[in-house]
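The block underneath contains the structure these notes are about, expressed in structure tokens.
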There are 2 protein chains.
Amino acid sequence: MNTDNTKSQMRKGMLEYCIMLLLRQQPCYANDIIQRLHEAEMIVMEGTLYPLLSRLKRDGLLGYEWRESTQGPPRKYYVLTDDGHKALAQLDASWEEIQRTVYFLKNEK
Amino acid sequence: MNTDNTKSQMRKGMLEYCIMLLLRQQPCYANDIIQRLHEAEMIVMEGTLYPLLSRLKRDGLLGYEWRESTQGPPRKYYVLTDDGHKALAQLDASWEEIQRTVYFLKNEK
DNA sequence: TTGAATACCTTGTATCGCAAGGTACTAACA
DNA sequence: TGTTAGTACCTTGCGATACAAGGTATTCAA
């Protein structure tokens, strides 16, 4: 029974959405994101996160700024761009739709 | 803005779950599944569905039986096995968890 | 100057959805 | 009997992406 596999599949597609939800609240750098998603019970690896952030940046949905750290090297804080906010609004709608779909499939006669 | 890509990514992981939800209601063959998921606004292609059904069958979550059709060749009706029901119960829990995660990320201060 | 901690990034592998194409069975009709 | 249309099942090749592992760079303290 490979439920774990399916479960991770279910979460996979949500990653991008969840990261953008996080960034809507406030700018974050990579370790922030990993930690705060972990608090929300969404596990994400470094090797997943960095390419994903780069992709969103390349697509114009994210920007970033360097900020000094009190200890250690400077950090890349990512922020949602205007296009990012628009895209996120559409993803909110997609999320609602998926919820409706599952609700429908669970309760249909 | 590649929202469509992300949107389809979000739906991807849900496919397996949605198909098992459908089969919990009643046995279906491939075209049934495609059509009924379409009614629930979840699009799935043949080339996606057949390998997925084979995988679930191989993992012991689904079984099937051949049924004659009034017109055309016989159909392979898939049904949930006992293990399938157990796995689906766990996926129900995963789904609840994902909903909580998104709710948390949307409303966190 | 060396080591530890932190932060960013890349490479290789496996999985999976999808488009396109292929095979097989049935029925209707010339 | 052949042929065509419709239905159903399945496979192949490709692209996208999560993840594990490994690599580079900066900072600070001993």
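Letters go in sequence order (proteins before strands), and every chain restarts at 1.
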Original post:
Salt bridge or not for B:Arg55 and B:Glu16, using N-O below 4.0 Å?
Top reply: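 A salt bridge is present here (some side-chain N lies under 4.0 Å from a carboxylate O).
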**OP:** Inspect the contact between B:Arg75 and B:Asp32 and indicate whether a charged nitrogen and a carboxylate oxygen are less than 4.0 angstrom apart.
**Re:**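 Looking at B:Asp32 and B:Arg75, the cut-off is not met.
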Tell me whether the OP1 or OP2 atom of [N] has a side-chain N or O from [X] closer than 4.0 Å.
X	N	answer
A:Tyr29	C:dA7	yes
B:Arg55	D:dC10	no
B:Lys12	C:dT15	no
A:Asn5	C:dC16	yes

**OP:** List the atom of A:Lys57, the atom of A:Gly63, and the distance in Å for their closest heavy-atom pair.
**Re:**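 Between these two residues, the closest heavy atoms are CD-CA, 4.1 Å.
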**OP:** Would you mind building the protein contact string for nucleotides 22-30 of chain C? One character per nucleotide, 5' to 3', B for base within reach (heavy atoms under 4.0 Å), S for sugar-phosphate only, - for untouched.
**Re:** ---BS----
Of the nucleotides [options], which has the atom closest to the [X] side chain?
X	options	value
A:Tyr50	C:dG17, C:dC9, D:dC19	C:dC9
A:Thr48	D:dA18, C:dC9, D:dC10	D:dA18
A:Arg75	D:dT11, C:dA7, C:dG17	C:dA7

Subject >> Remaining members of the apolar cluster that contains A:Tyr103, side-chain heavy atoms under 4.5 Å >> reply: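 Noted: A:Tyr103 shares its cluster with no other residue.
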**OP:** Any chance you could pull the hydrophobic cluster mates of A:Tyr50, using side-chain heavy atoms under 4.5 angstrom and chaining through other members?
**Re:**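 Answer for A:Tyr50: none, a lone residue.
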Original post:
Using the benzene-type ring in the case of Trp, are the ring centres of B:Tyr77 and B:Tyr64 under 6.0 Å apart?
Top reply: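 No, ring centres 6.0 Å or more apart.
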Round to a whole Å and report the spacing from [atom1] of [X] to [atom2] of [N].
X	N	atom1	atom2	result
A:Ile34	C:dA7	CD1	P	10 Å
B:Leu52	D:dC9	CG	P	15 Å
A:Arg58	C:dC9	CZ	P	14 Å
A:Leu49	D:dC19	CG	P	10 Å

Original post:
Is a side-chain N or O of A:Thr81 found less than 3.5 angstrom from the main chain of A:Leu61, in a donor-acceptor match?
Top reply: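 Pair found, side chain donor or acceptor close to backbone of A:Leu61.
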